[in-house]
Protein chains: 2
Amino acid sequence: MAKVDTSLVAHLPLFAGFKTEDLEEILREARSARYPKNSAIFEQGADAHGFFLLLHGHVRAAKTTPTGEQIVVRYVAPGETFGLAMALGLTQYPATATAVDDSVVLIWPTAAWPRLVERFPSLASGTLQTVGARLQESHTRILEMSTQQVEQRVAHALLRLAKQSGKKLDHGIEIDFPISRQDIAQMTGTTLHTVSRILSGWEQQGLVESGRQRIILRDPHRIVTLAERNPDSGPA
Amino acid sequence: MAKVDTSLVAHLPLFAGFKTEDLEEILREARSARYPKNSAIFEQGADAHGFFLLLHGHVRAAKTTPTGEQIVVRYVAPGETFGLAMALGLTQYPATATAVDDSVVLIWPTAAWPRLVERFPSLASGTLQTVGARLQESHTRILEMSTQQVEQRVAHALLRLAKQSGKKLDHGIEIDFPISRQDIAQMTGTTLHTVSRILSGWEQQGLVESGRQRIILRDPHRIVTLAERNPDSGPA
DNA sequence: CGCCCGTTTTGCGCTATCGCAAACTGTCCG
DNA sequence: CGGACAGTTTGCGATAGCGCAAAACGGGCG
């Protein structure tokens, strides 16, 4: 079991205000693991054996229906926690987590959570805020799906991804992990076909540059305009 | 400031395991208030001055877009908390809360939260579970909006309402508060017109009985079938 | 008791988006 | 270097559900 350096996590909001020795105590309970690109981290419905902190890479959390359709719940960026099932009172993971890039995580065993929370109550409050933020995002997403057209939703999704995991280039912002049309469709409640058509259109207008599992926002500002555009304002 | 009887809240999951005197200490920080039908409890964007526990009645939490469209985030039933903004790290309410029936609530001032969690850490864990459950519901809702047709979504919504706030009648289950077609549309991401058409159809088939802001599920079992029905199974 | 207003119902044309199918393409592997 | 394949593009017909408009309804209040 590798020793984990506190410097890796000390700057995270969740651990803000912790003393180095406390951090060490917390990290002592965790082990680290590496997941190669496209490998499963845990499966929806499996017993929640632990909770995770992503150190490197990118992870997709997806939910599957009984009939096999999938949606992407979220993409996890480095520094974020995931697989918190047990803290939320579940015994099984409600979604499947997959590494979309070579990824490194810290894993705490489920059993460690009650102990840690008792010892460090602020962990619970901190996690509460994290989960609260995710709840807000979910509500925003529901609002968007209820009131906006597909093009606007895709615009919002890309902007969010760019903000969370965008790499600045001189000619735009690149989303810093492999993401397919299908993935975007599953984030926005549409089909890969429609996403493809939209991106093709945007590409022609110079808004984006994209290829196989790769998207660069060339003109973020105009995409913001698109995202906020009232559907019936202005001509075609 | 009225004294609040612990027996009102002692049975709630959030307070399970609390000693009577602890409960009294917690309740001492709260005051109760009554909101008549259709009155606002707090507005989206207003400073979060407190958090709430619903004792009697029913409350609708709704989110409004900049352009004025609304969605219903959820209906709050007696025994549930709402307006937890500050516990989630927000300083303003992310939604508007309205009493849809004459309602009675307990209100804790925002400032009491840090004190209470410090004194009773299990409040944080308990709230975490509550919020976690809501997050799951949100994800389920997103999944439904992404993969199901309107009729199925309406079926699911009504079943959920019936489960949460259904009153058993000998000829079915009645949703125990006033709810309009528009409300249901805002819960399922559609229009009141479509909801009206669907309910009309169901009424003819004897699945429901409904009227002005009133819905009775006459045949819950068949509605469950509808909700689970694969869109392309069976003829029209 | 009758009026008024919010709610519900219903018709009809429209279109955004899906669904299917087929062709295309960039990458990785052998 | 040449598949083979996953991912992408694109065309085209079908349709669920929207948007608008108007009428019917039902309850509460003066």
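Quick note on labels: first sequence line is chain A, next is B, and so on, each numbered from 1.
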Worksheet item: Any sub-3.5 Å donor-acceptor pair from B:T147's side-chain atoms to A:E69's backbone N or O?
Response: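 No; zero donor-acceptor contacts below 3.5 Å.
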Below 3.5 Å is the cut-off: list the nitrogen or oxygen pairs between protein and nucleotides 26-30 of chain C, distance only.
residue : atom : partner : partner atom : Å
C:dG26  : N2   : A:R212  : NH2          : 3.4

Item to complete: Keeping to residues at least two apart or across chains, list the salt bridge (Lys or Arg N to Asp or Glu O under 4.0 Å) pairs with something in residues 158-172 of chain B.
Response: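 Checked against salt bridge (Lys or Arg N to Asp or Glu O under 4.0 Å) - neighbours excluded - the pairs reaching residues 158-172 of chain B are B:E144-B:R160, B:K167-B:D176.
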From [atom1] of [X] over to [atom2] of [N], roughly how many Å is that when rounded to an integer?
X: A:D183; N: D:dT8; atom1: CG; atom2: C1'; answer: 13 Å
X: A:I198; N: D:dT8; atom1: CD1; atom2: C1'; answer: 15 Å
X: A:W202; N: D:dT10; atom1: CH2; atom2: P; answer: 16 Å
X: B:R181; N: C:dT7; atom1: CZ; atom2: P; answer: 12 Å
X: A:L192; N: D:dG11; atom1: CG; atom2: P; answer: 16 Å
X: B:L199; N: C:dT8; atom1: CG; atom2: P; answer: 9 Å
X: A:Q204; N: D:dT10; atom1: CD; atom2: P; answer: 7 Å
X: A:Q182; N: C:dC18; atom1: CD; atom2: C1'; answer: 14 Å

Discussion item. Using the ring-ring contact (aromatic ring centres under 6.0 Å, His included) definition, which of the options A:Y93, A:F82, A:W108, A:F42 pairs with A:F51?
Written reply: A:W108
Worksheet entry | B:E80 with B:R74: basic N within carboxylate O range, under 4.0 Å |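 Yes, this pair counts.
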Are there any protein N/O atoms within less than 3.5 Å of an N/O atom in nucleotides 13-18 of chain D, and if so, which ones and at what distance?
residue : atom : partner : partner atom : Å
D:dG17  : OP1  : B:V150  : N            : 2.9
D:dC18  : OP1  : B:T190  : OG1          : 2.8
D:dC18  : OP2  : B:T190  : OG1          : 2.8
D:dC18  : OP2  : B:T191  : OG1          : 3.3
D:dC18  : OP2  : B:T194  : OG1          : 2.2

Worksheet item: Does anything in residues 42-60 of chain A pair up under side chain to side chain donor-acceptor pair (under 3.5 Å), and if so which pairs, sequence neighbours excluded?
Response: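 Only A:R60-A:D183 qualify under side chain to side chain donor-acceptor pair (under 3.5 Å).
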Would you say the side chain of [Y] lies within less than 4.5 Å of the side chain of [X], judging by non-hydrogen atoms?
X: A:T64; Y: B:L143; value: no
X: A:I179; Y: A:V100; value: no
X: A:F52; Y: A:I41; value: yes

Practice prompt. May I ask you to evaluate whether A:S180 reaches the phosphate of D:dG7, defined as a side-chain N or O under 4.0 Å from OP1 or OP2?
Written response: no
Practice prompt. For C:dT10, take OP1 and OP2 only and decide whether either is under 4.0 Å from a side-chain N or O of B:S200.
Written response: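 So the side-chain polar atoms of B:S200 do come within 4.0 Å of the phosphate oxygens OP1 or OP2 of C:dT10, strictly under.
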Discussion item. Based on the rotation axes of five pairs at each end, what angle does the helix from C:dC1-D:dG30 to C:dG30-D:dC1 bend through, to 10°?
Written reply: 40°
Worksheet item: Do you know the tightest heavy-atom contact between A:V72 and A:M187?
Response: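 Result for this residue pair: CB-CG, 3.7 Å.
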Worksheet entry | Non-hydrogen atoms of A:K63 and A:P94 that approach each other most closely |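 Residues A:K63 and A:P94, closest heavy atoms: NZ-O, 3.1 Å.
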Discussion item. Under the rule for side chain to side chain donor-acceptor pair (under 3.5 Å), what residues qualify as partners of B:Q213, not counting sequence neighbours?
Written reply: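 With sequence neighbours excluded, B:Q213 shows a side chain to side chain donor-acceptor pair (under 3.5 Å) to no residue whatsoever.
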